[in-house]
Each structure stands twice: as C-alpha cells, then as structure tokens.
Number of protein chains: 2
Amino acid sequence: MNFVFNERDGCGKCPIRHRAVCARCDEDELSVLEGMKSYKTIEQGEPIIWRGDDLHHISSVVSGIASLSRTLEDGRTQVVGLLLPSDFIGSPGRQTVDFDVTAVTDVTLCRFERRSFEKLVQDVPHISQRVMEMALDELSAAREWMVLLGRKTAREKIATFIEMVVRRDTVPIHAGQPHTLPLTREEIANFLGLTLETVSRQLSSMKKDGVLTFEDRRRFTVLDLAALQDATGDDADGGIIV
Amino acid sequence: MNFVFNERDGCGKCPIRHRAVCARCDEDELSVLEGMKSYKTIEQGEPIIWRGDDLHHISSVVSGIASLSRTLEDGRTQVVGLLLPSDFIGSPGRQTVDFDVTAVTDVTLCRFERRSFEKLVQDVPHISQRVMEMALDELSAAREWMVLLGRKTAREKIATFIEMVVRRDTVPIHAGQPHTLPLTREEIANFLGLTLETVSRQLSSMKKDGVLTFEDRRRFTVLDLAALQDATGDDADGGIIV
DNA sequence: CATCGGTATTGATCTGGGTCAAAGTTGTTG
DNA sequence: CAACAACTTTGACCCAGATCAATACCGATG
C-alpha cells in the first residue's frame with residue numbers, strides 16, 4: 001500500500017529512523033560501526049550507483065529522495081522504487097545492486113563499509129530480523145505496485161500516486177493543506193508506466209474535475225479526497241474487508 | 001530475473017529445499033517444530049487463503065504451484081507471484097497475507113504453527129538471516145517483474161515468460177527437449193498484465209516465426225533460443241555488463 | 001462415441017494511451 | 001531583464017492491445 005512512504009517505528013531522535021542501524025541512537029549495539037560510518041552527499045540528478053557496480057558500502061538515506069530504476073537498451077525506463085530517509089541502498093550478502101540508483105533530490109547518505117555491516121548482521125540477531133522485516137514490507141509494497149502497473153488505467157495510476165503522496169505528508173492534518181510532488185512529470189511517468197504527456201493530461205483532467213488545484217507545478221491541494229480515493233481503483237480503505 | 005523459479009541452495013534430500021526450515025534435514029535445529037508440522041493438500045483451482053485472512057500457519061510449498069494475486073472490484077486480476085516448492089506462504093511477524101493465494105495445480109503444503117515458527121525465528125539467528133535472504137531475492141525478482149509490467153510490449157512479455165519457463169526446466173539440457181507451460185492462457189495473461197487473447201495471438205505469432213512449436217496446448221519446444229532471448233527486451237545475458 | 005464444459009484460437013472492430021509536434025511557463029544566468 | 005534551457009501543457013493523429021464475437025479443440029462423462 002505504502003510503496004513510497006512506509007511508516008516505520010523510528011527512534012525519533014534522528015533522520016535514520018531504524019533504531020537497529022541508527023548509530024546515533026543505539027551507540028552500544030552499533031559501536032562496532034562507529035569508526036566506519038561516513039556521510040556523503042549526492043547532488044540532484046546525479047547517479048549514486050549503477051546496476052552491477054561493486055558495492056563497497058551499505059548506505060542509509062539520511063535526507064532527500066533517491067530512485068531505483070532500470071532502463072532497457074532503447075531508453076524505456078521503469079522506476080521500481082523510491083528510497084526515502086531510513087531506506088537502504090545495498091543489502092547484506094549482495095555484491096552488487098540490481099538497479100540504477102539516482103538522486104532525485106539532493107541526497108545525504110550515511111555509509112557503512114559493507115563487510116563490517118555484514119559481520120554485524122551475523123553477530124547481532126536483532127539486526128537481521130529488522131532487515132528481514134524491512135525486506136518483507138518492501139516486497140509487499142512492490143507487489144502492490146505490480147497490480148498498479150499491470151492492471152490500472154492511467155487515471156487510476158495517477159490517483160493512486162497522488163493519494164500516496166498525500167498520505168505520506170503525514171504531519172499537517174489541516175484539511176486543504178498544500179502538498180508537494182517530489183518528482184517531475186517524467187519521473188512520475190517512469191514510476192507509473194506511462195508517458196509524461198499522459199501524466200500531464202490526467203493531472204489537468206483531475207484539476208478540471210475539481211479534485212485538485214495546483215498552486216504551481218509542484219505544489220497542489222486536494223479539494224475532494226473522496227473522489228481521489230474513489231479514482232484509485234482500490235478497496236475503500238485499501239484494507240481488509242473479510 | 002528469476003521471478004518464478006529461483007535457483008536456491010537446497011539440501012538435496014527433500015522437497016523443502018531450504019535447509020534452514022527443512023525439518024527433515026536439520027533435525028537438531030528444528031526439533032522444536034517437529035511435533036508441530038502438518039501436511040495438507042489443496043486441489044487445483046481451490047483457494048489456499050484469502051487476502052486479509054488470519055494466518056494461523058506459516059506454510060512451505062512441498063509440491064505443486066500456487067499463485068499470489070489481487071483482484072480489483074471489477075474483476076481485473078493481477079498475479080504478483082508464483083509459489084513453487086520451497087516457497088513460503090505467510091511471513092513471521094505478519095498476522096495476515098496481503099494477497100489471495102490459490103492452488104494453480106494440486107498443492108501439498110508443509111505447515112508450521114505460526115507462533116512456534118516466529119519463536120524459532122527469534123531464537124535461531126540463522127533462520128532470520130535465511131528468511132531475510134529469501135525476501136531480498138523475491139524483492140529483486142518482483143522489481144524485475146515491475147519493469148516487465150510497466151515497460152515491455154506484449155511480445156517481450158511473452159518471450160520473457162517463456163524464457164523463464166525454459167530456464168527453470170533446469171534438468172534436461174538436451175536441446176529440443178519439450179517443456180510444459182504451468183499455467184493456462186488466462187493465468188499467463190493475468191501474470192503478464194495482458195488479456196488471454198493477446199497471449200494466444202503472441203504464442204501463435206512466435207510459432208509462425210519458427211521460434212517455438214507446440215506438441216499440444218501445454219507442451220512446447222523452443223526451436224530458436226537466440227531469437228527467444230532477443231525478443232525478451234533484456235540485456236544479452238540478463239546480467240551485469242558494467 | 002455423442003454431448004458438453006472448459007479452454008484456445010482467430011477475426012473484426014474499437015479505444016486508451018502512445019507518438020509527434022508546437023506552444024506556453026518558469027527559473028536561471030550573464 | 002533578456003535570453004535560454006528545462007519543464008509542462010495541449011493538440012492531432014496513430015497503433016498496440018483490448019473488447020466483442022464466433023468457431024475450434026480437447027478431455028471427461030454417461
């Protein structure tokens with residue numbers, strides 16, 4: 001359901017929301033890594049790592065948004081995931097990444113030397129459990145996205161995406177609060193399996209129908225949340241009926 | 001790459017290929033579960049568990065094939081994964097499944113009481129690491145499938161699927177050995193985000209082009225493997241170029 | 001071996017979204 | 001503030017694949 005923006009139990013003290021790997025919060029457990037972590041900033045639009053590249057670090061996104069994507073020989077691109085603060089780049093036990101990772105905004109990473117991280121995973125059972133949970137969350141979200149890519153119409157795809165952005169902007173429950181699209185039209189298109197023209201048209205159409213207004217290209221306000229949710233093609237609450 | 005048919009290191013002694021959870025192989029480690037496992041058979045076409053249902057067991061597929069799918073209100077269905085021998089239904093730490101699970105063929109399950117299984121995951125670090133690895137494998141495969149669903153043409157989708165079936169039929173390296181489609185045209189369509197008519201047409205077209213022959217509806221032989229692989233739209237070896 | 005129900009093929013037609021093209025908008029840089 | 005580049009919108013047209021419909025192919029069953 002929440003592909004982009006998972007709510008996870010964080011420590012609340014720092015941008016790396018996973019206690020298990022937040023070196024700032026669980027000093028004792030992670031003291032092994034203390035000397036080994038380093039921060040790095042990547043500018044908007046720059047590649048972070050290419051598919052197949054050797055992975056020397058396991059990194060956690062501290063701030064900004066990165067995308068995971070694959071491009072076919074002829075240039076068709078599919079974004080298969082967005083990485084937000086607390087998400088990882090690289091996994092213990094994997095030499096390479098399977099997708100291109102790109103900075104969608106300026107991105108700050110907290111990097112751990114891979115070998116040490118893997119050792120940690122082996123030594124601290126708590127951590128492999130946490131990584132397992134994260135992987136299972138993302139697996140479920142990826143499958144949810146497969147339904148969107150395989151079976152939803154353009155209108156439903158856009159509505160699902162917007163609804164996700166709105167749901168993510170957790171803090172301001174003030175109705176009518178404006179939200180910000182984190183991606184360009186082209187990036188949205190590559191995420192939804194559409195073209196940028198179709199994205200633009202559908203957004204215009206939702207505007208015409210009074211579902212949204214745009215303050216500018218990126219900032220928008222939802223006028224009719226019920227209509228938006230209806231348009232996603234999902235069950236009422238995206239949840240369990242039984 | 002290998003969404004359906006992962007090659008995994010098994011114990012080679014039993015149908016549950018994961019040592020970590022194969023009670024028949026690692027008797028010592030898993031003796032806790034000895035008394036708690038039970039076998040169950042589900043007939044072809046029957047539901048195994050519905051999305052949202054309470055999950056009393058974690059099961060491992062012993063034989064047969066099951067599908068994970070989601071159906072929208074109006075009947076559009078997307079298959080998000082196939083479960084083969086050694087794959088799990090249910091995950092430690094999750095009360096419910098997020099997708100409908102259906103027996104595509106007759107399926108035999110080996111079931112463990114969920115609570116006990118979860119305890120095992122907590123107590124034996126080896127196991128959470130194994131589940132983590134499996135989840136990461138499936139996550140990568142799911143993302144690979146997202147590329148197919150979002151960006152590939154009907155022809156490329158079919159070619160990818162056939163190539164996968166062929167690659168899975170690991171044993172007979174005898175060229176020209178016939179293979180069997182594990183799914184009906186409709187099931188293939190729901191897996192590829194197509195209609196059954198399009199699946200049928202593309203298969204006919206590949207037959208006409210001399211890529212395949214069909215012995216009957218389900219059994220086929222690849223005549224031109226290179227052409228098949230070309231048609232998938234993937235890189236030459238589906239792998240790392242750097 | 002005739003009938004029947006599920007499955008598959010093939011044809012005819014339609015259409016959602018892609019493609020190609022031309023402005024319009026906004027932000028940036030000298 | 002002019003000029004340019006990057007992004008976005010909108011229009012016109014097209015086509016891959018969906019939809020609708022008819023027929024063919026099995027395998028099972030009495």
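Since the structure is predicted, the reported quantities are computational estimates derived from the model, not experimental observations. Heavy-atom basis, side chains included; hydrogens, waters and symmetry copies ignored. Every chain is numbered from 1 and lettered A, B, ... according to where its sequence line falls, protein lines coming before strand lines.
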Closer than 4.0 Å, any side-chain N/O of A:Thr195 to the OP1 or OP2 of C:dG17? no

Below 4.0 Å: OP1/OP2 of C:dA8 and any side-chain N or O of B:Ser200: no

Nearest-Å distance for atom pair [atom1]/[atom2], residues [X] and [N]:
| X | N | atom1 | atom2 | result |
| --- | --- | --- | --- | --- |
| A:Lys152 | C:dG16 | NZ | C1' | 17 Å |
| B:Leu203 | C:dT7 | CG | P | 16 Å |
| A:Leu196 | C:dC20 | CG | C1' | 12 Å |
| B:Lys207 | C:dT10 | NZ | C1' | 12 Å |
| B:Arg218 | C:dT9 | CZ | C1' | 16 Å |
| A:Asp216 | C:dG27 | CG | P | 7 Å |
| A:Gln202 | C:dG16 | CD | C1' | 9 Å |
| A:Lys157 | C:dG16 | NZ | P | 14 Å |

What do you reckon, is CD of B:Glu73 surrounded by more than 12 foreign heavy atoms closer than 6.0 Å? yes

Could you work out, with side chain to side chain contact (heavy atoms under 4.5 Å, CB included) as the rule, every residue matching [X], not counting sequence neighbours?
| X | value |
| --- | --- |
| A:Leu223 | A:Thr213 |
| B:Thr102 | B:Ser67 |
| A:Ala135 | B:Ala135, B:Leu136 |
| B:Glu186 | B:Thr184, B:Asn190, B:Leu196 |

Could you give all pairs that pass the salt bridge (charged side-chain N to carboxylate O under 4.0 Å, His left out) test and reach residues 192-208 of chain B, with sequence neighbours left out? none

Reading DNA chain D in the 5' to 3' direction, which nucleotide is the first one with an atom under 4.0 Å from a heavy atom of chain B, and which is the last? D:dG17 to D:dC25

Do the rings of B:Phe191 and B:Phe161 sit parallel, tilted or perpendicular, given the 30° and 60° boundaries? perpendicular

Output all residues satisfying salt bridge (charged side-chain N to carboxylate O under 4.0 Å, His left out) with A:Asp54, sequence neighbours left out; order by chain, then residue number. none

Write down the atom of [X], the atom of [Y], and the distance for their closest heavy-atom approach.
| X | Y | answer |
| --- | --- | --- |
| B:Thr198 | B:Ala154 | CG2-CB, 3.7 Å |
| B:Met146 | A:Ala142 | SD-O, 3.9 Å |
| A:Ala189 | B:Arg151 | O-NH2, 3.2 Å |

Under 4.0 angstrom, heavy atoms only, what part of the nucleic acid is B:Gly45 near: base, sugar-phosphate, or nothing? nothing

Please name all residues satisfying side chain to side chain donor-acceptor pair (under 3.5 Å) with A:Thr77, sequence neighbours left out, ordered by chain then number. A:Thr71

With sequence neighbours left out, what residues match B:Arg219 under side chain to side chain donor-acceptor pair (under 3.5 Å)? B:Thr180

To the nearest 10 degrees, how far apart in direction are the end axes of the helix from C:dC1-D:dG30 to C:dG30-D:dC1, each fit to five base pairs? 30°

Atom pairs, protein N/O to nucleotides 22-25 of chain C N/O, distance under 3.5 Å:
{"from": "C:dT25", "atom 1": "O2", "to": "A:Arg217", "atom 2": "NH2", "distance (Å)": "2.5"}

Report yes if the side chains of B:Val222 and B:Met206 come closer than 4.5 Å at any heavy-atom pair, otherwise no. no

If each of B:Gln44 and B:Ser204 is mapped to the nucleotide of DNA chain C with the nearest heavy atom, which maps nearer the 5' terminus, i.e. the 5' end? B:Gln44

Output one line per pair: protein atom, nucleotide atom from nucleotides 11-15 of chain C, and distance, for all N/O pairs under 3.5 Å.
{"from": "C:dG11", "atom 1": "N7", "to": "B:Arg201", "atom 2": "NH1", "distance (Å)": "2.9"}
{"from": "C:dG11", "atom 1": "O6", "to": "B:Arg201", "atom 2": "NH2", "distance (Å)": "3.2"}
{"from": "C:dA12", "atom 1": "N6", "to": "B:Arg201", "atom 2": "NH2", "distance (Å)": "3.4"}

